[in-house]
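In what follows, chains are A, B, ... by sequence order, proteins preceding strands, each numbered from 1.
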There are 2 protein chains.
Amino acid sequence: MTIQQIKNFLELANELHFWKTAEKVFISQSTLSRQIRSLEDEMGIQLFERDKRNVKLTDAGKFLKEHWSATINELDQIHRQAKKIDEGMSGFVSISYPGSITFRFLPRFLETLNANLPDLKVELTEPTDENHEKLLSDYRTDIAFSRDKISNASIDSLKLFSEPICLVVPYNHWLNKKSLRDFNELQDEKFIISGLHQKTFFASLLRNFFNKHGFEPKTIIESDFGGMILNLVSKEIGISILPLSFKLAKVPNVRFVELDEEIDLYINWRKNEPNKTIKKVIEYVKLVKK
Amino acid sequence: MTIQQIKNFLELANELHFWKTAEKVFISQSTLSRQIRSLEDEMGIQLFERDKRNVKLTDAGKFLKEHWSATINELDQIHRQAKKIDEGMSGFVSISYPGSITFRFLPRFLETLNANLPDLKVELTEPTDENHEKLLSDYRTDIAFSRDKISNASIDSLKLFSEPICLVVPYNHWLNKKSLRDFNELQDEKFIISGLHQKTFFASLLRNFFNKHGFEPKTIIESDFGGMILNLVSKEIGISILPLSFKLAKVPNVRFVELDEEIDLYINWRKNEPNKTIKKVIEYVKLVKK
DNA sequence: ATAGTATAATGCAGAAAACGCATTAATTAT
DNA sequence: ATAATTAATGCGTTTTCTGCATTATACTAT
């Protein structure tokens, strides 16, 4: 039993005329006649009462006309949707990201995605565990934004942009770009930063930074959550170091002082990803970049 | 695109193994491989990602597995129902009947129908216009019960049973079978009967009856509705003549006095009726008969 | 009644498709 | 390296499908 056969049946059920119907569906009258016959045989159900002159639906035929018609419409709908998925116009991606891009890059990116792939469903996760390689290869995420460059034979990466890291201080704090001549002046400041023993990339970046400048910060609160850190700085509990992106959070009573140190953002995905949706999303990220 | 192809796809989508699936659906592995391929080509959608070793569903494939599965189940359901209709196990009949069979024959008949064809829908009409032939040929009714024999080349009839007609009197009325020696004794009785000028069969039967016995009844109320007549008799407003069947209405304070006159019940239907449901219903009526 | 017309079914022969066997090619396991 | 697994493919055969031409039948007009 062919979908086309059913469609032809529906056409005939409307026309009730073999010749006209055959013409309409671009087959010969004999073919149509035999198609309907074979449909009837296969189902073991008489669909039409026909003498040499008239064609009319049986009760079963009426019933099937109604229900098949509905089902065929459903099917067409389903096939259109499947086509969309196949073409990556719709579907599902799981994205993991560092908190710092919450305020500028990520919303822009999601906006672009939504404009171009309105049927796409996105799952966002802000992983505490930063093992991007494993997240990707275990299919727990499809696209991983990361601050560190990942070198792995089965992962493709692309650097999207760099941005300065900044000292984050309360508005009236003595410190500004010009006043800061020597980092040793920060000796007595109370820092609110990620625990330096952490294995996250940002922690190791901080570790390097303080090493380079030869002093150890006085850490009074440890936190990995930028939003939390900003609020503590705003309440003048201490100062911190964060990527410039956090400025966009627009927390009041906070100033960002750019340092001569940059941090990168990479996008990572499984090499040879066959999923068209994911590939398409990766293409769009290139449009947004910085 | 074949229904079978879709079913095979669904099987493969579960098994994710060509050889096992092919065995399960009783075709060769090569055929299955090509069927899936042709499905993919026809839809223009990749359903499986497969290398020489592994088979897995694409996103579009997952989507179609889910939705096709639902649709195929619906279709199977629809086909079962259509089969029922085709076999006359289900469907629709319109039945017209004279009020007199409301109390005994019709409920029995409907009970039998319901027991044997539980999915059958029945429309009952008690026509005031008694033109059964026209009702049938205009498809306003499928089965017409009638009191008169219908002679019409395109209508088949069957006599189901005969029953006496009765004088219907209040309980304490002087009249009974033995006391009634001569119909002229009814000269002074007040009758509640169908207008004798009416063209209904029962009216003409009454006309004949009174002619035969050579007197004209004193009619105080004209009515064609047995139920109404019975209630009026019960209130001792007059007496009437009705088929014995009305006794089953069990209206209180009413006695039936059988006369030596019978009335028939016929069932009528369109000759060569192709509708299996109707034909089946006609068969069942024969089981109930009397 | 009779001839004419409309229309679904059917015989036939050629075209296309489907099928299974055997084989190939690629991958994994030992 | 070798064997085993497994999806794809070439090929010949069988089956099915298709359209043309024709037939059979019922309705229409005269």
Side-chain angles (χ1 to χ4, degrees), chain A residues 1-58 60-62 65 137 153-154 270-272 274, chain B residues 1-58 60-62 65 137 139 153-154 270-274:
Chain A
M1 192 185 320
T2 305
I3 303 291
Q4 189 55 46
Q5 248 174 320
I6 295 179
K7 287 183 177 174
N8 293 349
F9 161 82
L10 289 174
E11 202 58 54
L12 179 60
N14 278 323
E15 287 286 343
L16 295 177
H17 194 290
F18 276 78
W19 192 77
K20 282 186 203 163
T21 306
E23 202 170 43
K24 210 162 190 174
V25 299
F26 305 109
I27 57 176
S28 72
Q29 174 265 317
S30 69
T31 299
L32 179 61
S33 176
R34 270 186 277 243
Q35 262 189 23
I36 299 296
R37 171 67 56 93
S38 99
L39 202 54
E40 289 179 321
D41 288 350
E42 190 176 348
M43 310 244 326
I45 296 177
Q46 187 165 358
L47 301 174
F48 294 95
E49 284 159 29
R50 40 204 192 284
D51 50 37
K52 299 275 168 180
R53 193 80 187 168
N54 292 302
V55 180
K56 60 188 278 244
L57 283 163
T58 60
K62 281 179 206 158
K65 175 190 172 184
S137 64
S154 63
R270 288 180 289 275
K271 194 165 259 169
N272 302 323
Chain B
M1 192 185 321
T2 303
I3 302 290
Q4 189 56 45
Q5 247 174 320
I6 296 178
K7 287 184 177 173
N8 292 348
F9 161 83
L10 289 173
E11 201 60 54
L12 178 61
N14 278 324
E15 287 287 342
L16 294 178
H17 195 291
F18 276 75
W19 193 78
K20 282 185 203 163
T21 305
E23 202 170 43
K24 212 164 188 175
V25 300
F26 306 109
I27 57 176
S28 72
Q29 175 265 318
S30 68
T31 299
L32 179 62
S33 177
R34 270 186 276 244
Q35 262 188 24
I36 298 295
R37 170 66 55 92
S38 98
L39 202 54
E40 289 180 321
D41 288 350
E42 190 176 347
M43 309 244 327
I45 296 176
Q46 187 165 1
L47 301 173
F48 295 96
E49 283 158 31
R50 41 202 191 284
D51 49 37
K52 298 275 170 184
R53 195 77 187 169
N54 292 303
V55 181
K56 59 188 279 243
L57 282 163
T58 60
K62 280 179 205 155
K65 175 188 171 186
S137 63
Y139 284 81
S154 62
R270 287 179 291 275
K271 192 165 259 170
N272 302 325
E273 174 65 61

If you round to the nearest 0.5 Å, how far is CG of A:Leu57 from CG of A:Leu47? 8.0 Å
Could you check if a side-chain atom of B:Ile3 sits within less than 4.5 angstrom of a side-chain atom of A:Thr2, using non-hydrogen atoms only? no
To the nearest 10 degrees, the angle between the two end axes of the helix from C:dA1-D:dT30 to C:dT30-D:dA1 (five pairs per end) comes to 30°
CZ on A:Arg34 to OG on A:Ser30, rounded to 0.5 Å: 4.5 Å
DNA chain D: first to last nucleotide in contact with chain A (atom under 4.0 angstrom from a heavy atom), 5' to 3', is D:dT18 to D:dC27
Could you list all N or O pairs between the protein and nucleotides 28-30 of chain C that sit under 3.5 Å apart?
unit_1 : atom_1 : unit_2  : atom_2 : d
C:dT28 : O4'    : B:Arg53 : NE     : 3.4

Exercise: identify the closest heavy-atom pair between B:Ala60 and B:Gln46: CB-O, 4.1 Å
Where along residues 19-42 of chain A does a heavy atom fall under 4.0 Å from DNA chain D? A:Ile27, A:Ser28, A:Ser30, A:Thr31, A:Arg34, A:Gln35
Counterpart residues, salt bridge (Lys or Arg N to Asp or Glu O under 4.0 Å), relative to B:Glu49 (two or more places apart): B:Lys56
Among residues two or more places apart or on two chains, list those pairs meeting ring-ring contact (aromatic ring centres under 6.0 Å, His included) that have a residue in residues 22-55 of chain B. B:Phe9-B:Phe48
In chain order, what residues pass the side-chain hydrogen bond (donor to acceptor under 3.5 Å, both in side chains) check against A:Arg50, with sequence neighbours excluded? A:Glu40
Those residues that, when tested against A:Ser33, pass side-chain hydrogen bond (donor to acceptor under 3.5 Å, both in side chains) (two or more places apart): none
Does some side-chain heavy atom of B:Leu32 sit less than 4.5 Å from a side-chain heavy atom of B:Ile36? yes
Whole-Å distance, B:Gln4 CD to C:dA18 P, equals 13 Å
Would you mind writing out the side-chain donor-acceptor pairs for residues 13-20 of chain A within the sub-3.5 Å range, not counting sequence neighbours?
unit_1  : atom_1 : unit_2  : atom_2 : d
A:Asn14 : OD1    : A:Lys65 : NZ     : 3.2
A:Glu15 : OE2    : A:Lys24 : NZ     : 2.7
A:His17 : ND1    : A:Trp19 : N      : 3.4
A:His17 : ND1    : A:Lys20 : N      : 3.2

Near DNA chain D, under 4.0 Å by heavy atom, which residues of residues 8-18 of chain B? B:His17, B:Phe18
For B:Thr31, enumerate each residue passing the side chain to side chain contact (heavy atoms under 4.5 Å, CB included) test, keeping only those at least two apart in sequence or located in another chain. B:Ile27, B:Ser28, B:Gln35
What is the distance from atom CE of A:Met1 to atom CD1 of B:Ile6, rounded to the nearest 0.5 Å? 11.0 Å
Enter the distance from B:Lys7:NZ to B:Gln4:CD here, rounded to the nearest 0.5 Å. 6.0 Å
Who passes side-chain hydrogen bond (donor to acceptor under 3.5 Å, both in side chains) against B:Gln29, sequence neighbours left out? none
